[in-house]
Amino acid sequence: MARSALLGSSLAKKYWMALTGLFLCIFLIAHLAGNLQLLDMSPEGQLKFNEYARFMTTFPPVKVVSYLLYASILFHAFDGFLLTIQNRKARPVKYAYEKPGANSDWYARQMALLGTLILVFLVIHMKHFWYEMHFGDLPMTVDKDGAPLKDLYTVVAAAFTQLWYVALYVVMMGVLAFHLLHGFASSFQSLGLNHPRYTPIIKNVGVFFAVIVPIFFALIPVWMFINA
Amino acid sequence: MGNMKLNLKIWRQKGPNDKGQMVTYPVNNVSEDMSFLEMLDVLNDDLVRKGEDPIAFDHDCREGICGSCSLFINGEAHGPGRLITTCQLHMRKFKDGDTIHVEPWRAEAFPVIKDLATDRGAFDRIQAAGGFVSVNTSGNLVDGNAVPIPKDDADKAFDAATCIGCGACVATCVNSSAMLFVAAKVSQFALLPQGRPEAKRRVQAMVEQMDKEGFGNCSNTGACEVECPKGISLEHIARMNREYLAASVTKE
Ligand code: HEM
Ligand code: SF4
Ligand code: FES
């Protein structure tokens, strides 16, 4: 029964999907909390954000968590890819006439498509901000003590003066919203947590999370564009 | 005889290796009181009289308890309507002049034998892998009622045991996943004290067999629960998920 250990089986793949997905949900909250500082566009606000960015890229415990995060994203995408391949193989001949909307939500059936879009977005997003912060040639400013400080704020603000870039962010947050609309509650079910008393609460929290988090993320580029 | 006229588009496939195709059949004189299978009987009667090969489809009890009848009708397993099998689907659900698409269950694990009949032996093999309780048959049986069982658990185990193994859950799932069926068969024992001694081994063996048969993975879309003629709940899938998790983690 080697295959049914916590690695190869269909259920094991779903446990990892759910665990990495939930970890990414927690990350979203932390990331959002940091990003909301961008709404304060005053010089003090800019300084605070840049110091925060330095802290997030240099403080060792945060670095450890960030490696865990990169691994989670990669594994979530890889595992999702494996699951999707198997799911496709499980129905070699398609139905000629289908009415899937009669019994399930389109976004629940399109998790792989939504996830792939998120992955493409992540690559663009990380190239522009994460890569620049880590390896790029950033404009410099000074912190409170007069020491040199990478001016990520200016990079972000410049990016969000472009309408197409703002539009991309807003649309992609819509994609994330649908991924979470199914994904949040689904992960509890995958882990075996279904109870008549708690599942309705989990579902409501999931809807709230899936709507609120992407809205606040999308608000930032829109706000910076309007106030540029 | 009734007066509905229908336009049927039915999957015809001579055998397992034939490519198969949708074929159009007009049917007249359909009564709204007929079941869907009786309507197919009328069509088959016509075909036989004309010397054509009748359409093969599975059926047995014709009262919603055996799980034999299948058919993907107008894009839904067992057609429109909830908590029914195809033998319990009546022609009053359709209108005069309707076009109705009829296809077999589609899954790698349910190969077509002929026309609309599929081989659902994969379910039997999953069941044989662990879906039973090893009972002492030496003559000193324990009275089942001697073991106290909470009423709620007994009810849930019974709900799970109402699964008729029809395969609508697989047919309806975008991933052709068999999770609802397997979960029902795991739960009907997992909930009862008599099922506990073999619980870990059972869930592992049944999931392993399920994967071997080539069913897809569960995305929790919930389509199976909606189309299941017996209303088997997704709660059972969650129970199987935690049974399997616990069994895998504690396995020696
Ligand atoms: C911040 C980003 C993301 C978050 C918060 C997230 C979250 C989740 C959650 C909670 C689930 C539910 C797991 C379950 O059903 O047990 C899920 C499912 C899924 N995710 Fe993501 N995800 C993200 C990014 C991605 C990416 C980048 C991909 C792929 C390229 C992806 C592909 C999938 C797929 C295919 C599923 C469905 C798995 C299934 O139905 O079996 N996700 N995601
Ligand atoms: S769970 Fe429901 S749909 Fe699936 S085989 Fe059992 S009775 Fe049929
Ligand atoms: S023929 Fe037995 S359930 Fe339909």
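Within every chain, numbering begins at 1; the chains are lettered A, B, ... in the order of the sequence lines, protein sequences first and strands thereafter.
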How close do [X] and [Y] get, heavy atom to heavy atom, and via which atoms?
{"X": "B:R242", "Y": "A:L191", "value": "CB-O, 4.4 Å"}
{"X": "A:Q86", "Y": "B:N217", "value": "OE1-ND2, 3.0 Å"}
{"X": "B:V174", "Y": "A:R109", "value": "CG1-CD, 3.5 Å"}
{"X": "A:Q189", "Y": "B:N220", "value": "CG-OD1, 3.4 Å"}
{"X": "A:Y95", "Y": "B:P104", "value": "CE2-O, 3.4 Å"}
{"X": "B:R82", "Y": "A:A102", "value": "NH2-O, 3.2 Å"}

Once you round to the nearest 0.5 Å, how far does [atom1] of [X] lie from [atom2] of [Y]?
{"X": "A:N103", "Y": "B:C228", "atom1": "CG", "atom2": "SG", "answer": "12.0 Å"}
{"X": "B:E103", "Y": "A:E98", "atom1": "CD", "atom2": "CD", "answer": "8.0 Å"}
{"X": "A:Y97", "Y": "B:K9", "atom1": "OH", "atom2": "NZ", "answer": "11.5 Å"}

Whether over 12 other heavy atoms sit under 6.0 Å from [X] [atom1]:
{"X": "A:W130", "atom1": "CH2", "answer": "yes"}
{"X": "A:F81", "atom1": "CZ", "answer": "no"}
{"X": "B:Y25", "atom1": "OH", "answer": "yes"}
{"X": "B:F158", "atom1": "CZ", "answer": "no"}
{"X": "B:K114", "atom1": "NZ", "answer": "yes"}

Ranked by heavy-atom pairs below 4.5 Å to chain B, first place among A:K94, A:R88, A:M17 goes to A:K94
message = I'd like to check B:L245 versus A:L11 (side-chain heavy atoms, cut-off strictly below 4.5 Å). Are they in contact?
response = no
Please classify the contact of [X] with chain A as side chain, backbone, both or neither, using a heavy-atom distance under 4.5 Å.
{"X": "B:C224", "answer": "neither"}
{"X": "B:F72", "answer": "side chain"}
{"X": "B:V112", "answer": "neither"}

Does a side chain donor of either [X] or [Y] reach within less than 3.5 Å of an acceptor in the other side chain?
{"X": "B:S176", "Y": "A:R91", "result": "yes"}
{"X": "B:D211", "Y": "A:S10", "result": "yes"}
{"X": "B:S248", "Y": "A:Y15", "result": "no"}

Heavy atoms only, distances under 4.5 angstrom: which of [options] has the most pairs with chain A? Name it, please.
{"options": "B:E108, B:R106, B:E227", "value": "B:R106"}
{"options": "B:G214, B:S219, B:A107", "value": "B:S219"}
{"options": "B:A171, B:P80, B:A246", "value": "B:A171"}

ask   = Is there a donor-acceptor pair closer than 3.5 Å between any side-chain N or O of A:K14 and the backbone N or O of B:C218?
value = yes
When the 4.5 angstrom heavy-atom criterion is applied to A:S190 and chain B, the contacting part is both
